[in-house]
Amino acid sequence: MPAEEFVAGWISGALGLVLGHPFDTVKVRLQTQTTYRGIVDCMVKTYRHESLLGFFKGMSFPIASISVVNSVLFGVYSNALLALTATSHQERRAQPPSYTHVFIAGCTGGFLQAYCLAPFDLIKVRLQNQTEPRAKPGSPPPRYRGPIHCAASIFQAEGPRGLFRGAWALTLRDTPTLGIYFVTYEWLCRQFTPDGQNPSSGTVLVAGGFAGIISWVAATPLDVIKSRMQMAGLKQRAYGGLLDCIVSSARQEGLGVFFRGLTINSARAFPVNAITFLSYEYLLLSWG
Ligand SMILES: C[N+](C)(C)CCCC[C@H](N)C(=O)O
């Protein structure tokens with residue numbers, strides 16, 4: 001099983017992540033809290049209340065964990081294509097796989113990465129939603145002191161299953177949308193690249209950026225549900241399950257609720273995925 005794809009996926013995931021984290025914090029807050037009027041209001045309040053650091057809350061942990069998850073995604077994707085089409089990454093420019101194969105491989109990668117991602121994403125969302133400013137003497141301490149403390153508290157209160165809160169919603173979100181992600185990327189690359197050649201850096205950036213945007217547009221409704229399921233069990237109301245969460249969110253807030261965070265998700269998706277794909281392709285090319 002070729003392993004370079006895993007390593008390249010890991011490094012490129014980390015680079016994309018740093019760039020995207022401030023957007024991600026604003027997104028999670030808009031999706032799960034009602035105190036903000038919009039993106040700008042959320043940014044201003046976060047900055048005033050918590051300084052620039054507020055935007056980077058909960059980042060060190062995703063860097064260590066979510067980039068490993070990205071390595072699962074790209075590694076499984078590439079190896080699934082190898083199994084389906086018997087071509088390695090280097091051979092795929094000369095013999096491009098069909099879009100059906102790309103889609104199946106993307107969904108496989110998406111499905112497997114969702115399970116690895118679930119506990120890390122839960123911890124990220126819980127930490128991002130702690131809006132208390134950094135420790136001031138005399139103020140009450142936030143519920144979680146950091147990622148390890150957060151994981152341990154959830155584990156103690158709810159057992160190992162507690163760490164997989166929202167995992168179903170996450171799997172439903174990621175399986176089809178990561179199929180769409182790789183199909184969009186491949187399709188756009190092929191539109192702008194002569195047959196048999198490698199896409200230029202510009203093409204990879206644009207194709208990666210749009211792959212990110214399109215897959216996030218498709219993923220946003222379930223992303224909202226996922227974040228809410230992950231926050232349930234804390235101060236917000238608990239849901240009877242995925243369906244209950246969908247129905248009661250729609251009833252209380254209207255259908256628009258499923259598009260909360262769409263703009264910010266898209267704004268984040270372009271740079272993150274442009275850099276992820278560019279560094280991924282570049283690393284694999286330079287390793288021959
Ligand atoms: C499929 N879905 C859109 C949910 C996620 C796509 C993930 C791609 C990248 N790691 C990112 O964070 O943007």
Side-chain angles (χ1 to χ4, degrees), residues 5-6 8-28 31 58-59 61-78 102-118 120-122 124-125 128 166-186 188 204-230 258-281:
E5 283 93 339
F6 285 96
W10 180 64
I11 300 175
S12 60
L15 290 173
L17 212 117
V18 177
L19 209 63
H21 198 77
F23 295 95
D24 197 68
T25 300
V26 174
K27 178 199 85 172
V28 166
Q31 285 179 337
M59 187 180 75
F61 189 62
I63 290 268
S65 57
I66 299 189
S67 50
V68 174
V69 174
N70 201 62
S71 114
V72 172
L73 172 64
F74 279 81
V76 171
Y77 167 74
S78 189
V102 171
F103 184 73
I104 296 173
C107 291
T108 312
F111 181 80
L112 290 177
Q113 69 108 45
Y115 262 85
C116 310
L117 177 62
F120 301 123
D121 193 62
L122 172 71
K124 176 193 74 107
V125 167
Q128 283 176 317
W168 255 114
L170 187 66
T171 311
L172 286 177
R173 184 196 79 174
D174 280 6
T175 306
T177 52
L178 283 163
I180 296 174
Y181 180 69
F182 285 105
V183 167
T184 311
Y185 175 72
E186 272 301 314
L188 283 172
V204 170
L205 282 172
V206 171
F210 278 106
I213 292 188
I214 290 175
S215 68
W216 271 112
V217 169
T220 298
L222 275 166
D223 188 48
V224 174
I225 299 304
K226 184 256 342 159
S227 298
R228 292 182 168 211
M229 303 278 295
Q230 289 173 323
F258 297 119
F259 299 97
R260 276 231 206 142
L262 182 69
T263 317
I264 187 98
N265 255 345
S266 310
R268 169 188 169 279
F270 195 93
V272 170
N273 293 289
I275 289 300
T276 301
F277 271 105
L278 185 68
S279 44
Y280 177 75
E281 296 281 3

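Whatever order the structure lists them in is the order used to number ligands and atoms, beginning at 1. Since the structure is predicted, the reported quantities are computational estimates derived from the model, not experimental observations.
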Subject >> Mode of S215 contact toward ligand 1 - side chain, backbone, both, neither (heavy atoms, under 4.0 Å) >> reply: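 Both backbone and side chain.
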**OP:** Record the part of T276 in heavy-atom contact with ligand 1 below 4.0 Å; permitted values are side chain, backbone, both and neither.
**Re:**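 The answer is neither.
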Original post:
Taking C-beta and beyond as the side chain, do W216 and F270 meet within less than 4.5 Å on heavy atoms?
Top reply: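 Not touching, per the 4.5 Å side-chain cut-off.
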Original post:
Any side-chain heavy atom of C116 sitting closer than 4.5 Å to one from V68?
Top reply: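 With C-beta onward as the side chain, the pair stays apart.
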Subject >> Verdict with reasoning, F210 to Y185, per ring-ring contact (aromatic ring centres under 6.0 Å, His included) >> reply: CA-CA 7 Å; F210 278 106; Y185 175 72; over 10 Å; no
Original post:
If you count the atoms of ligand 1 from 1 in the order shown, which ones are under 4.0 Å from a heavy atom of A219?
Top reply: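 Within the 4.0 Å cut-off of A219, ligand 1 contributes 3 (C), 4 (C).
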Subject >> Sub-4.0 Å atoms of ligand 1 with respect to non-hydrogen atoms of R173 >> reply: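 The list of qualifying atoms is 4 (C).
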Among all protein heavy atoms, pick out the one at the shortest distance from [atom]; state its residue, atom name and that distance to 0.1 Å.
atom                    : result
atom 1 (C) of ligand 1  : T177 OG1, 3.1 Å
atom 12 (O) of ligand 1 : R268 NH2, 2.8 Å
atom 9 (C) of ligand 1  : N273 OD1, 3.2 Å
atom 10 (N) of ligand 1 : N70 OD1, 4.0 Å
atom 7 (C) of ligand 1  : L178 CD2, 4.2 Å
atom 4 (C) of ligand 1  : D174 OD1, 3.1 Å

Original post:
Under 3.5 Å, is there a donor-acceptor pair linking the side chains of Y181 and N273?
Top reply: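 A pair is found: one side chain offers a donor N or O, the other an acceptor, under 3.5 Å apart.
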Original post:
So, the side chain of T25 versus the backbone of H21: is there a donor-acceptor pair under 3.5 Å, distance only?
Top reply: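 At least one qualifying donor-acceptor pair exists.
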Original post:
Side chain of S78, backbone of F74: donor and acceptor closer than 3.5 Å?
Top reply: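 Here the side-chain-to-backbone pair does not exist.
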Original post:
Purely on distance, is any nitrogen or oxygen of W216 under 3.5 Å from one on ligand 1?
Top reply: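 Between W216 and ligand 1, an N or O pair is found under 3.5 Å apart.
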Original post:
With under 30° as parallel and over 60° as perpendicular, where do the rings of F111 and Y115 fit, or are they tilted in between?
Top reply: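 Aromatic pair F111/Y115 classed tilted.
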Subject >> Heavy-atom pair of closest approach, residues V272 and T276 >> reply: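 In terms of heavy atoms, the two residues are closest at O-OG1, 2.7 Å.
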